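A short worksheet on the structure shown next.
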Amino acid sequence: MSLRFGEEEFDSAWRELDEPQLEGGWELFTENMGVKIYRLLDKETGLYEYKTVGVLSACPAERCADVYMDLGYRKQWDSYVKELQEKDFDGHKAIYWEVKYPFPMSNRDYVYIRERKDVKVEGRTIYVVLARSSPSTPLAEKSGVMRVKDYKQSLAMETDGAGGTKVFMHYFDNPGGMIPTWLVNWAAKSGVPGFLTDMKKACSNYGNHCQKK
């Protein structure tokens, strides 16, 4: 598996910030706090992938991108993080992320690569972050924690022209195991808007965090 993302992948992400591509069965799943979430059934797994469009008010786009990339800071504001760090594996870097799941389910963990690119196009600056699982990365699985081996995410952020950030996110993961339908629906309906709300608060506190470093 290549450890680099292609130019076309970055282009595809930022273009959907302007106009999400929703052909081929995408449906509006829910709208909450100004955030629209669309979903598409993956027939092979029976799971859904999601596209999210929304605005983080009073959070400048560059700061929003910096907050998203700052793993150390995320451990402070994301209550679902059990462990999160970038590691070096035989000369290439990958991120290890363990996510807390509610009892009695096992926690999930991820090993993934990611890359950020600040795209300049027609006077605009669009911050794009791509991530995907890296199953070939040599990291042993933990006892009692289920490894997520199929994960992908693309995120594009740009100023909304009013001091906030317009956000587009495309997301899929296969958590494995027997996840109750209600939990999957809750995560999509409440988890994504909740994450964006937490991230907005994290943006407002980021200046103080950086001063303390």
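Keep in mind that this is a model prediction, so the values were computed, not measured. We use all heavy atoms of the structure for the numbers below, so side chains are in, but hydrogens, waters and symmetry mates are not.
- Nearest heavy-atom pair, Leu17 versus Ala156, reported as atom, atom and distance to 0.1 Å: CD1-O, 3.6 Å.
- Taking the side chain as every heavy atom from C-beta outward, Met105 and Met146 never approach each other to under 4.5 Å.
- Scanning all heavy atoms of the two residues, the minimum distance from Thr165 to Cys64 falls at OG1-CB, 3.8 Å.
- The structure places CZ of Arg147 at 5.0 Å from CD of Glu141, a figure rounded to the nearest 0.5 Å.
- Distance alone, capped at 3.5 Å, is enough to place a donor-acceptor pair between the Arg114 side chain and the Met69 backbone.
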Taking distance alone, no hydrogens or angles, what donor-acceptor pairs closer than 3.5 Å link side-chain atoms of residues 197-204 to residues at least two apart or in another chain?
from	atom 1	to	atom 2	distance (Å)
Thr197	OG1	Pro193	O	3.0
Lys200	NZ	Ser57	OG	2.7
Ser204	OG	Lys201	O	2.6

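- Taking all atoms of both residues into account, the shortest heavy-atom contact from Ala94 to Val111 is CB-CG1, 4.2 Å.
- Residues meeting the side-chain contact (heavy atoms from CB on, under 4.5 Å) test with Glu83, sequence neighbours left out: Gln85, Lys87, Tyr96, Glu98, Lys142.
- A 4.5 Å side-chain heavy-atom check between Leu56 and Val167 finds at least one atom pair inside the cut-off.
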Does the pair Glu49 and Trp26 meet the rule for a side chain to side chain contact (heavy atoms under 4.5 Å, CB included), with working shown?
CA-CA 9 Å; Glu49 58 182 296; Trp26 286 92; 3.6 Å; yes
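- Among residues two or more places apart in sequence or in another chain, the salt bridge (Lys or Arg N to Asp or Glu O under 4.0 Å) test is passed with Lys166 by none.
- Within the structure, salt bridge (charged side-chain N to carboxylate O under 4.0 Å, His left out) pairs that include any residue of residues 65-75 comprise Asp66-Arg116, Asp70-Lys213, Arg74-Asp78 (at least two apart or interchain).
- Contact record, Gln21 with Lys51: O-NZ, 2.7 Å, taken as the closest heavy-atom pair.
- When every heavy atom of Pro20 is checked against every heavy atom of Val53, the shortest pair comes out as CG-CG2, 3.6 Å.
- Residues satisfying the side-chain contact (heavy atoms from CB on, under 4.5 Å) test with Ser154, not counting sequence neighbours, are Ala13, Leu130, Phe168, His170.
- The side-chain heavy atoms of Glu62 and Met157, taken from C-beta on, include no pair separated by under 4.5 Å.
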Go through the steps to decide whether Val148 and Trp97 satisfy the test side chain to side chain contact (heavy atoms under 4.5 Å, CB included), and finish with yes or no.
CA-CA 10 Å; Val148 176; Trp97 178 31; over 6 Å; no
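- Residue pairs meeting the salt bridge (charged side-chain N to carboxylate O under 4.0 Å, His left out) criterion with at least one partner in residues 153-163, sequence neighbours excluded, are Arg124-Glu158.
- Listed by chain and residue number, Trp14 satisfy the side chain to side chain donor-acceptor pair (under 3.5 Å) test with Asp11 (two or more places apart in sequence, or in another chain).
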Show your reasoning for whether side chain to side chain donor-acceptor pair (under 3.5 Å) applies to Ser133 and Lys149.
CA-CA 6 Å; Ser133 51; Lys149 298 178 180 177; over 6 Å; no
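- A distance of 11.0 Å separates SG in Cys210 from CG in Asn205, rounded to the nearest 0.5 Å.
- Residues Glu9 and Arg132 are paired through a salt bridge, judged by an N-O separation under 4.0 Å between the basic side chain and the carboxylate.
- Clustering ILVMFWY residues whenever any of their side-chain heavy atoms sit less than 4.5 angstrom apart, transitively, puts Tyr101 in a cluster other than the one holding Phe172.
- Listed by first and then second residue, the ring pair (Phe, Tyr, Trp, His ring centres under 6.0 Å) pairs that reach into residues 130-160 are Tyr110-Tyr151, Tyr112-Tyr151, Tyr151-Tyr171, sequence neighbours excluded.
- Hydrophobic clustering of Ile, Leu, Val, Met, Phe, Trp and Tyr side chains at less than 4.5 Å, counting indirect connections, unites Val81 with Leu196.
- Remark: Phe195 pairs with Trp77 by the ring-ring contact (aromatic ring centres under 6.0 Å, His included) rule, at least two apart or across chains.
- Using cut-offs of 30° and 60° on the angle between ring planes, the pair Tyr73 and Tyr206 is tilted.
- Here Pro104 pairs with nothing under the side-chain contact (heavy atoms from CB on, under 4.5 Å) rule; sequence neighbours left out.
- No continuous path of ILVMFWY side-chain contacts below 4.5 Å connects Val55 to Tyr50, so the two sit in separate hydrophobic clusters.
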Quick one: side chains of residues 35-43, donor-acceptor pairs under 3.5 Å with protein atoms, not counting sequence neighbours, listed by atom name and distance.
from	atom 1	to	atom 2	distance (Å)
Arg39	NE	Glu27	OE2	2.7
Arg39	NH2	Glu27	OE2	3.3
Asp42	OD1	Glu44	N	3.3
Asp42	OD1	Thr45	N	2.9
Asp42	OD1	Thr45	OG1	2.9

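- Distance alone, capped at 3.5 Å, places no donor-acceptor pair between the Asn107 side chain and the Val145 backbone.
- Note on Leu139 and Ile95: separate hydrophobic clusters, where clusters join Ile, Leu, Val, Met, Phe, Trp and Tyr whose side-chain heavy atoms are under 4.5 Å apart, directly or indirectly.
- A search for ring-ring contact (aromatic ring centres under 6.0 Å, His included) contacts involving Phe29 returns nothing, not counting sequence neighbours.
- Taken from CG in Asp173 to NZ in Lys152, the straight-line distance is 11.0 Å, to the nearest 0.5 Å.
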